[in-house]
Amino acid sequence: MDDLLPPFHDVEARYSLTELSPDELNATWGALRVHSLTWHPDADLDDLLRRWPLSGADDPDTAAVVVVPSRAADAPRTLRAHGFAPSVVIAARRAGRGPARPSEVAVRELAGADVDVVTELNLEVVRYDSRFGMVTERPSSAARLRERVASLLERDRPCAWVAHRGGDVLGALYLDWPGHSDWIADRTSLAPAAYIPMLGVRSEARGTGVGSALVRHVHGLLDGAGVAVTLLHHAPLNPLSTPFWYSHGYRPLWTTWTRSGGRRPAG
């Protein structure tokens, strides 16, 4: 199906439920109550969907989620018939992929004085992606994102960079190197794997090479370090991020299909 996918192992518990506090950072990335169904190529997806013990009909903070390989061409018809829509993609880039585009934008490592502006860039990304059903800005999001950005300065190797022109920060990117990316590394057959949690560019600077300068810089570091594959999440309906990432060497690997409200209302 796809040589970037890991082996598929059957599991006994196909259904699970995760509940989060609205004060957690992970609450920004989705619903507070998430029912998950584990997909397998040999399982009857339609039957699993029909037998799924769901709750939360009409609750916007409850969601039913199925993550399937993006090249599992038979799954979308079944999922759509059950009211699901694609909400998130895990995209992958093999080492060495992506264009080398010149840019006049300078790139440097994140400094302590950048934490506030990078937090704001991250919050702008959340607000924009929320239009496409990928994330949810919560009252706690700004504080949790700032804590996350500040924590990047404490890691044992540089993992965040800002793009600037004339001293003005125009964009930022941060990275989970192998070790920090273990939570998603099992989504691919290649190792070691890195993960890009965030790329943000000021709205007035989009289309001027800021994002490309950051990505080119980080791709050079990743390739030089022998990282085999880089993963990231993006909203497939986002008209900015989808063409950007695919023009820089990424392609869909997994697609998350979501039905808001969990259980369908009776009738």
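- Atom-to-atom distance recorded for W177:CH2 and L222:CG is 5.0 Å, nearest 0.5 angstrom.
- How far SG of C159 is from CG of L221: 11.5 Å, rounded to the nearest 0.5 Å.
- Looking only at distances, no side-chain donor or acceptor of T256 sits under 3.5 Å from a matching main-chain atom of S87.
- Distance alone, capped at 3.5 Å, places no donor-acceptor pair between the S260 side chain and the A63 backbone.
- A cation-pi arrangement, defined by a distance under 6.0 Å to the six-membered ring centre and an angle within 45 degrees of its axis, is present between R206 and Y128.
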* Take T242 and H234 through the side-chain contact (heavy atoms from CB on, under 4.5 Å) test and state the conclusion after the steps. => CA-CA 7 Å; T242 298; H234 75 88; 3.3 Å; yes

Trace of the salt bridge (Lys or Arg N to Asp or Glu O under 4.0 Å) decision for R155 with D176 = CA-CA 10 Å; R155 293 192 181 179; D176 287 342; 2.8 Å; yes

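- Side-chain contact between P197 and H233: absent, with no pair of heavy atoms (C-beta onward) separated by less than 4.5 Å.
- Residues L4 and R94 form a side-chain contact, since some pair of their non-hydrogen atoms from C-beta on lies under 4.5 Å apart.
- Across every non-hydrogen atom of V210 and A163, the tightest pair is CG1-CB, 3.7 Å.
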TODO: Carefully, step by step, assess T62 and H35 under the rule side chain to side chain donor-acceptor pair (under 3.5 Å).
DONE: CA-CA 8 Å; T62 297; H35 291 270; 6.0 Å; no

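- Considering only heavy atoms from C-beta on, D46 stays 4.5 Å or farther from L48 through its side chain.
- Taking the charged nitrogens against the carboxylate oxygens, D2 and R251 do have a contact shorter than 4.0 Å, which makes a salt bridge.
- A donor atom on one side chain and an acceptor atom on the other are not found under 3.5 Å apart for R146 and T119.
- No chain of hydrophobic side-chain contacts below 4.5 Å, direct or via other Ile, Leu, Val, Met, Phe, Trp or Tyr residues, connects I90 to V88.
- In this structure, E204 places its CD atom where more than 12 heavy-atom neighbours from other residues, nucleotides or ligands lie under 6.0 Å away.
- Between the side chain of R144 and the backbone N or O of D23, at least one donor-acceptor pair lies under 3.5 Å.
- Around the CG atom of D74, the shell of radius 6.0 Å holds no more than 12 heavy atoms that belong to other residues, nucleotides or ligands.
- Side chains of L199 and W245 form a contact here, defined as non-hydrogen atoms less than 4.5 Å apart.
- Two different hydrophobic clusters hold L20 and L17 under the rule that ILVMFWY side chains link at heavy-atom gaps under 4.5 Å.
- Remark: L49 CG to W257 CH2 distance equals 11.5 Å, nearest 0.5 Å.
- When all heavy atoms of V149 and Y174 are compared, the pair lying nearest together is CG2-CE2, 4.3 Å.
- A donor-acceptor distance shorter than 3.5 angstrom exists from the side chain of S189 to the backbone of D3, with no hydrogens or angles considered.
- Between T208 and R165, the closest side-chain pair of non-hydrogen atoms falls below 4.5 Å.
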*Between E109 and V162, does a side-chain contact (heavy atoms from CB on, under 4.5 Å) hold up when you go through it step by step?*
CA-CA 6 Å; E109 293 176 14; V162 298; over 6 Å; no

Apply side chain to side chain donor-acceptor pair (under 3.5 Å) to the pair T255 and S70, showing each step before the final yes or no.
-> CA-CA 5 Å; T255 301; S70 298; 2.8 Å; yes

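- Closest approach of L110 and L153 over heavy atoms only: O-CD2, 3.6 Å.
- The shortest side-chain heavy-atom distance between I196 and Y250 falls under the 4.5 Å cut-off.
- In this structure, the side chains of E120 and D116 stay at 4.5 Å or more apart for every pair of heavy atoms.
- The NE2 atom of H9 sits 13.0 Å away from the OG1 atom of T38 when rounded to the nearest 0.5 Å.
- Shortest non-hydrogen contact noted between R187 and L253 is O-CD2, 3.6 Å.
- A donor-acceptor pair is defined here as one N or O able to donate and one able to accept, closer than 3.5 Å; no such pair exists between the side chain of W161 and the backbone of L175.
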Does W183 form a side-chain contact (heavy atoms from CB on, under 4.5 Å) with Y195? I'd like the steps, not just the answer.
CA-CA 10 Å; W183 64 275; Y195 177 77; 3.5 Å; yes

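- Criterion: ILVMFWY side-chain heavy atoms under 4.5 Å apart, direct or through other members. Under it, I184 and L25 are not part of a common hydrophobic cluster.
- Between N238 and D129 there is a side-chain heavy-atom pair separated by less than 4.5 Å.
- Here the side chain of D223 pairs a donor or acceptor atom with the backbone of G96 at under 3.5 angstrom.
- Here T28 contributes atom OG1 and L123 contributes atom CG; the two are 8.5 Å apart, rounded to the nearest 0.5 Å.
- For the 3.5 Å distance criterion, the side chains of H248 and S212 qualify, holding a donor opposite an acceptor.
- Judged purely by atom type and a 3.5 angstrom limit, R138 uses its side chain to pair as donor or acceptor with the backbone of A27.
- Between R33 and D59 a salt bridge is recorded (basic side-chain N to carboxylate O distance below 4.0 Å).
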Exercise for review: Let me see the working for L79 and L45 under side-chain contact (heavy atoms from CB on, under 4.5 Å), right down to the final yes or no.
Suggested key: CA-CA 8 Å; L79 288 161; L45 180 58; 4.0 Å; yes

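- The backbone N or O of A111 lies less than 3.5 Å from a partner atom in the side chain of D114, making a donor-acceptor pair.
- Linking Ile, Leu, Val, Met, Phe, Trp and Tyr whenever their side-chain heavy atoms come within less than 4.5 Å puts V118 and L152 in one cluster.
- The closest donor-acceptor contact from the side chain of R259 to the backbone of H82 lies under 3.5 Å.
- If you chain together hydrophobic residues whose side chains sit under 4.5 Å apart, V215 and V89 fall into the same group.
- Remark: D168 CG to L170 CG distance equals 6.5 Å, nearest 0.5 Å.
- The two residues V135 and V126 come nearest to each other via the heavy atoms CG2-O, 3.2 Å.
- Ring pair F84/W52 is parallel by interplanar angle, where below 30° counts as parallel and above 60° as perpendicular.
- Residues Y246 and P252 share a closest heavy-atom pair of OH-CG, 3.3 Å.
- At distances below 3.5 Å, at least one donor-acceptor pair connects side-chain atoms of R93 with backbone N or O atoms of R97.
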